[in-house]
Protein chains: 2
Amino acid sequence: MSDLLATGLSTAVQNKIEDLVLQGKLQGGDKLNEVELAELFGTSRGPIREACKGLVQAGLLTAVPNRGVFVRKMDVREALEVYDIRAFLDQLIGQLAATHGSDEQIQELWDIHARLDKAVRADDFEAYYPENLAFHEKLLEMTGSRRLTTMYLSLVKELHLFRRKGLIQQGSMDVSNAEHALILEAIAHRDPVKAGLAMRNHVMTAKQRLMTAIEVQSVSEQIAS
Amino acid sequence: MSDLLATGLSTAVQNKIEDLVLQGKLQGGDKLNEVELAELFGTSRGPIREACKGLVQAGLLTAVPNRGVFVRKMDVREALEVYDIRAFLDQLIGQLAATHGSDEQIQELWDIHARLDKAVRADDFEAYYPENLAFHEKLLEMTGSRRLTTMYLSLVKELHLFRRKGLIQQGSMDVSNAEHALILEAIAHRDPVKAGLAMRNHVMTAKQRLMTAIEVQSVSEQIAS
DNA sequence: AATCCATCAATTGTTGACAATTTACCACAA
DNA sequence: TTGTGGTAAATTGTCAACAATTGATGGATT
């Protein structure tokens, strides 16, 4: 347990369980057994229950009285709902980043963008993925709003619940990074409105990709039946 | 305990403690004693700890390892930060309400607005306050987005942490309800953009009122010293 | 008087045990 | 075969006791 002393045992356990959910090792609808988890982490049930309570509040688990806690099931409708909110928050993030970001931070964005571009040309998704995360985390940092950051990250985590089999979309890196360029230019020009719209557009196209992917999957399932 | 069977003991306790915080009976920085709360609610410390874990995750309490949990202290900077996010979310709420709200719901908004207007003319804040809540809750309902609703309510709860002594602003009911009228008209005309901007403006003026109130308080404190 | 240090009380962290409820299993009857 | 009831196992909910840490008290020393 990494942060045992820093935040206590129950929080460490909470992060561990969260990882299990986010990595998909615990999938939507799965039941969490308290004694199983307890002996897995080498603790008693007390801290496990506290950890679960936190994850329920975070929206990653759902609790049913006298029956236990389950990994939250997210259907298509909810996922799109969350995407809409996320798109809107991203717009705000773009605006704030363009307003409050320092010149150094903007330079760091350019650096990340260069590495992203390199990954695109090499068609290397493994390299693209972490840099893409870094790009968006840097933008969050530039907003200067701690509350906005936690709220946004919470939404992103929730969206991980919607990772269905066969819906991993690792194409369209080129389009994605072209959008990054538009965002970056707007921020560099200190144009909050433009930056916000570019951010919003960036998420909405991702949502569109997801929707068509779902459509394709749904159709192919229909053919199979 | 009202919802004991529905959601379990720890959740009931969590709501009780949340009420204590929201009503200001527990103020920012106050320490929560587990045994005290346990005998207050007639339970053992287990459910108390679980409840606190949930409230920490919700952002109403902060936990310090080996020292306990405290009511979260929110400074001016954080409060304004939250106001900005809330204003933005309200814009989204306005857009969605104008798009997805039913004609019946719009009629209910008119009804609430009429009662608000009556309270304004009678200068009756006690009557205005609950109807104002109802107005905004109806708008939330009209969005059709459960996630947006919980997220928004969570922010509103957080803002309660910033209730300082002498900052209760119960004036400006007339301006506030005039803004309600603008929102309502835009929604009735099914104009999402206009409705969103009216909502955003509604919160921003509230933020402005808060800022000037803080300024006044700060100045008067300086005089007193 | 101020500072340090030892000791003890108070509080949090964790655990194992017990109660209550749900789930699984199996015999039995229709 | 299907459905039903009942009993036992498994699991969650709650509690009280113990361990570990922190905070307070009071005297000794400078």
Side-chain angles (χ1 to χ4, degrees), chain A residues 1-21 25-73, chain B residues 1-21 25-73:
Chain A
M1 313 271 174
S2 52
D3 48 2
L4 205 159
L5 293 169
T7 55
L9 177 55
S10 69
T11 306
V13 169
Q14 180 171 337
N15 291 331
K16 289 271 185 189
I17 299 178
E18 183 181 285
D19 285 346
L20 290 179
V21 173
K25 294 179 182 176
L26 288 171
Q27 295 223 353
D30 284 0
K31 178 163 164 36
L32 276 72
N33 187 309
E34 291 180 3
V35 295
E36 250 178 44
L37 292 171
E39 57 192 40
L40 172 60
F41 296 125
T43 71
S44 67
R45 283 170 50 219
I48 302 289
R49 287 179 61 87
E50 292 176 18
C52 287
K53 191 82 185 180
L55 290 171
V56 167
Q57 195 74 33
L60 292 182
L61 303 180
T62 57
V64 181
N66 292 324
R67 302 210 24 207
V69 293
F70 304 80
V71 179
R72 178 176 163 202
K73 251 193 226 171
Chain B
M1 314 265 174
S2 51
D3 47 3
L4 204 160
L5 294 169
T7 57
L9 178 55
S10 69
T11 306
V13 169
Q14 180 171 336
N15 291 331
K16 290 270 185 190
I17 299 177
E18 184 181 282
D19 285 345
L20 290 179
V21 173
K25 295 180 182 176
L26 288 171
Q27 295 224 354
D30 284 358
K31 177 163 162 40
L32 277 70
N33 187 310
E34 291 180 3
V35 294
E36 251 179 42
L37 292 171
E39 56 193 41
L40 172 61
F41 297 125
T43 71
S44 69
R45 284 171 50 219
I48 302 290
R49 288 179 62 88
E50 293 176 18
C52 287
K53 191 81 185 181
L55 290 171
V56 167
Q57 194 75 34
L60 293 182
L61 303 179
T62 57
V64 181
N66 292 324
R67 301 208 30 206
V69 293
F70 304 81
V71 178
R72 179 177 162 202
K73 253 192 225 172

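All values below come from the heavy atoms of this structure, side chains included, with hydrogens, waters and symmetry mates left out. Naming: A, B, ... by sequence-line order, numbering from 1 per chain.
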### Task
Can you tell me the distance, in whole Å, between the CZ atom of A:F41 and the P atom of C:dT14?
14 Å

### Query
How many angstroms lie between atom NZ of A:K25 and atom CG of A:L20, to the nearest 0.5 angstrom?
6.5 Å

### Query
B:V13 pairs by side-chain contact (heavy atoms from CB on, under 4.5 Å) with which of B:L40, B:L37, B:I48, B:L55?
B:I48

### Task
Answer yes or no: are there more than 12 heavy-atom neighbours, outside A:K31 itself, under 6.0 Å from its atom NZ?
yes

Just the table, please: protein N/O against nucleotides 5-11 of chain C N/O, every pair under 3.5 Å.
residue	atom	partner	partner atom	Å
C:dT11	OP1	B:N33	ND2	3.2

### Query
So, do B:T11 and A:K53 sit near enough that their side-chain heavy atoms are less than 4.5 Å apart?
yes

### Query
Do the non-hydrogen side-chain atoms of A:L9 and A:F41 ever get within less than 4.5 Å of each other?
no

### Summary
Note: A:S10 and A:A51 closest approach over all heavy atoms is O-CB, 3.5 Å

### Summary
From CD of A:E39 across to P of D:dA10 the rounded distance in Å is 13 Å

### Query
Which heavy-atom pair separates A:Q57 from B:G54 by the least distance, and what is that distance?
CG-O, 3.4 Å

## Note on the structure
So, with a heavy-atom separation below 4.0 Å from DNA chain C, the residues of residues 45-54 of chain B are B:R45, B:R49

### Message
Out of the candidates A:V71, A:D30, A:L32, only one should pair with A:V21 under the side-chain contact (heavy atoms from CB on, under 4.5 Å) rule; please name it.
### Response
A:V71

